[in-house]
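A single structure is presented below for examination.
Letters A, B, ... are given to chains in the order of the sequence lines, protein chains preceding strands, and every chain is numbered from 1.
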Amino acid sequence: MTPELERGDRWIVFVLKWGSVLATVCMLGGVVGVLATAGGRALQVGPPLPFRTLFIELIQGSPYAVIQVGVLMLLLTPVLRLVAAVGSFWMKRERRYALVSLTVLLIIVFSLLLARPG
Amino acid sequence: MTLFAVITGLVLLGVVAGLFGALVGLGGGVIVVPALTLGLGLPIEYAVGTSLVCVIATSSGAAASYVERQWTDLRLGMVLELATTLGAITGALAVLYIPDSVIKGLFALFLLYASVSMLRRRTSAAQVEITGAPPPYRVRNLHLGLGGAYVAGSVSGMLGIGGGPIKVPMMNLFMNVPLKVATATSNFMIGVTAAASAFLYYSRGDVMVAITGPVAVGVFAGAVLGSRLAPRIRSRWIRWILVLVLFYLAALMLGEAFAFHLSAREQ
């Protein structure tokens with residue numbers, strides 16, 4: 001019989017499962033919103049909005065902004081999964097793997113710095 | 001085309017990609033990128049950026065399930081992620097200096113490789129899922145694995161795919177990792193690898209939000225549907241269909257790559 005999953009590993013499962021579900025629900029809400037408010041207009045295809053504009057558009061109820069929030073949630077899910085992995089290995093007293101996970105997290109932070117979001 | 005038709009088409013594209021991914025372990029990027037470039041005429045960097053987000057959607061649910069069943073080698077996955085994430089960043093940066101025609105040609109070659117490796121594979125992802133617990137093993141050739149993981153990450157960051165067809169055989173054949181564990185561990189790594197390059201594409205404005213949303217929703221639905229259907233469907237036929245589709249897409253992508261290259265030379 002498979003032994004019970006350790007608490008730290010349950011965090012990893014929780015983040016992966018709910019991160020993707022919440023992001024998909026958010027994007028689905030946005031897609032439904034686009035369909036509901038289209039009124040004969042074409043799909044507004046374009047690059048992601050800068051964060052400040054995204055916030056304003058979100059307050060104004062733009063469905064495209066809702067989709068973008070969903071996309072961001074999906075992008076952040078693996079990052080949170082890494083945070084959960086650091087915690088999980090640390091709790092299991094596997095410091096070497098906690099350090100490896102932390103290094104991967106730092107590589108992702110490095111890619112975020114390279115990305116310089118607007 | 002009406003907005004309703006466009007969104008329905010994008011959702012259906014996602015469903016097909018997610019369904020193939022769940023049923024035969026290959027889908028997501030290999031279907032989304034050619035469909036967006038060939039079908040919608042989207043520049044390849046936009047298709048790759050969009051696909052990387054969808055790849056995260058495909059892998060997250062499956063990865064959660066594999067970790068829950070304790071098939072994932074979390075330690076090996078984290079160590080190899082050191083290389084896949086660095087590779088992904090390299091791939092996403094390299095794209096800036098490589099002509100579109102070359103990327104399309106590379107994508108076509110990857111499609112051919114993936115379809116040939118699928119033809120040679122006797123055990124499908126669906127069969128891997130329903131058999132018993134993985135046997136004990138000891139990881140070998142870690143240095144070689146790290147090199148292979150770097151290549152898989154670079155290919156993922158450059159072409160917008162998960163890279164399973166590179167990582168799974170590498171772990172299984174050269175690192176002594178059982179197929180089931182290799183499949184689960186590869187899936188576990190995909191999300192973080194894709195995120196490393198997806199942030200770069202996102203900041204460059206290459207993730208088309210209005211296209212990504214419907215496709216990602218479809219991918220998620222297709223993956224859920226596929227995981228339910230997997231034990232009841234004979235994956236052999238699905239595999240053959242996917243192989244034919246991949247050959248067809250590879251031919252079209254090669255044609256586009258040559259046409260683009262020739263027109264660029266004429267100018």
ask   = What option among A:Pro78, A:Ser88, A:Ala85 has the most heavy-atom pairs under 4.5 Å with chain B?
value =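 Winner by heavy-atom pair count: A:Pro78.
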- Query: Which region of A:Phe14, side chain (C-beta onward) or backbone (N, CA, C, O), has a non-hydrogen atom less than 4.5 Å from a non-hydrogen atom of chain B, or is it both or neither?
  - Reply: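 The answer is neither part of A:Phe14.
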If one checks every heavy atom of A:Ile12 against chain B at 4.5 Å, the contacting part turns out to be side chain
Of the listed B:Thr2, B:Ile190, B:Leu74, B:Leu93, the one with the largest count of heavy-atom pairs under 4.5 Å with chain A is B:Leu74
* To do: Heavy atoms only, distances under 4.5 angstrom: which of B:Ile211, B:Val79, B:Leu200 has the most pairs with chain A? Name it, please.
  =>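 Heavy-atom pairs under 4.5 Å are most numerous for B:Leu200.
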Applying a strict 4.5 Å limit to non-hydrogen atoms, the region of A:Tyr97 in contact with chain B is side chain
| query | Checking side-chain contact (heavy atoms from CB on, under 4.5 Å) for the pair A:Leu72/B:Tyr202: CA distance, chi angles, key distance, verdict? | reply | CA-CA 9 Å; A:Leu72 284 170; B:Tyr202 183 92; 3.5 Å; yes
How about A:Val21 and B:Phe220: do any of their side-chain heavy atoms sit closer than 4.5 Å? yes
inquiry  = At a 4.5 Å cut-off on heavy atoms, which part of B:Val67 comes close to chain A: side chain, backbone, both, or neither?
reply    =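 It is both, since atoms from each part get that close.
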Taken to the nearest 0.5 Å, the spacing of B:Phe188 CZ from A:Arg81 CZ works out to 3.5 Å
Closest non-hydrogen atoms of A:Pro48 and B:Gly205, given as atom of the first, atom of the second and distance, are CD-CA, 3.7 Å
Straight-line distance of A:Leu5 CG to B:Arg69 CZ, nearest 0.5 Å:
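Result: 12.5 Å between the selected atoms.
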Q.
Just verifying a value: how many Å separate B:Ser65 OG and A:Leu16 CG, rounded to the nearest 0.5 Å?
A.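 With rounding to 0.5 Å, OG (B:Ser65) is 10.5 Å from CG (A:Leu16).
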Checklist line | Step-by-step salt bridge (charged side-chain N to carboxylate O under 4.0 Å, His left out) determination, B:Glu68 to A:Arg10 | finding: CA-CA 7 Å; B:Glu68 210 160 23; A:Arg10 286 206 298 270; over 6 Å; no
One should read off an interatomic distance between B:Glu81 CD and A:Ile107 CD1, to the nearest 0.5 angstrom, of 9.5 Å
message = Under 6.0 Å from the ring centre and within 45 degrees of the ring axis: does the NZ or CZ of B:Arg75 meet both conditions for the six-membered ring of A:Phe89?
response =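 The answer is no; the distance or angle limit is not met.
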B:Phe199 side chain near A:Leu114 side chain, heavy-atom distance below 4.5 Å: no
Comparing A:Val13, A:Leu76, A:Ile67 against chain B, the one with the most heavy-atom pairs below 4.5 Å turns out to be A:Val13
Bottom line for A:Leu75: the part with an atom under 4.5 Å from chain B's heavy atoms is both
Max heavy-atom pairs within cutoff under 4.5 Å with chain A, candidates B:Leu42, B:Val11, B:Val224, B:Leu82, goes to B:Leu82
In short, B:Met78 meets A:Leu82 closest at the heavy-atom pair CE-CD2, 3.5 Å
When the 4.5 angstrom heavy-atom criterion is applied to B:Tyr46 and chain A, the contacting part is neither
With chain B, the option among A:Val66, A:Thr103, A:Val31, A:Val15 that has the most non-hydrogen atom pairs under 4.5 Å is A:Val31
Give the interface residues of residues 191-198 of chain B toward chain A, defined by a heavy-atom separation under 4.5 Å.
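From residues 191-198 of chain B, the residues near chain A are B:Gly191, B:Val192, B:Ala195, B:Ala196, B:Ala198.
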_More than 12 heavy atoms of other residues, nucleotides or ligands under 6.0 Å from CZ of A:Arg95: yes or no?_
yes
Nearest heavy-atom approach of B:Val53 to A:Leu74 is O-CD2, 3.4 Å
- Query: Atom CG of A:Leu35 and atom CG of B:Leu3: how far apart are they, to the nearest 0.5 Å?
  - Reply: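 Atom-to-atom, A:Leu35:CG and B:Leu3:CG are 6.0 Å apart.
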The interface call for A:Thr77 against chain B, heavy-atom contacts under 4.5 Å, is side chain
Identify which part of A:Gln44 has an atom lying under 4.5 Å from any heavy atom of chain B, answering side chain, backbone, both or neither.
->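 Contact with chain B is through the backbone of A:Gln44 alone.
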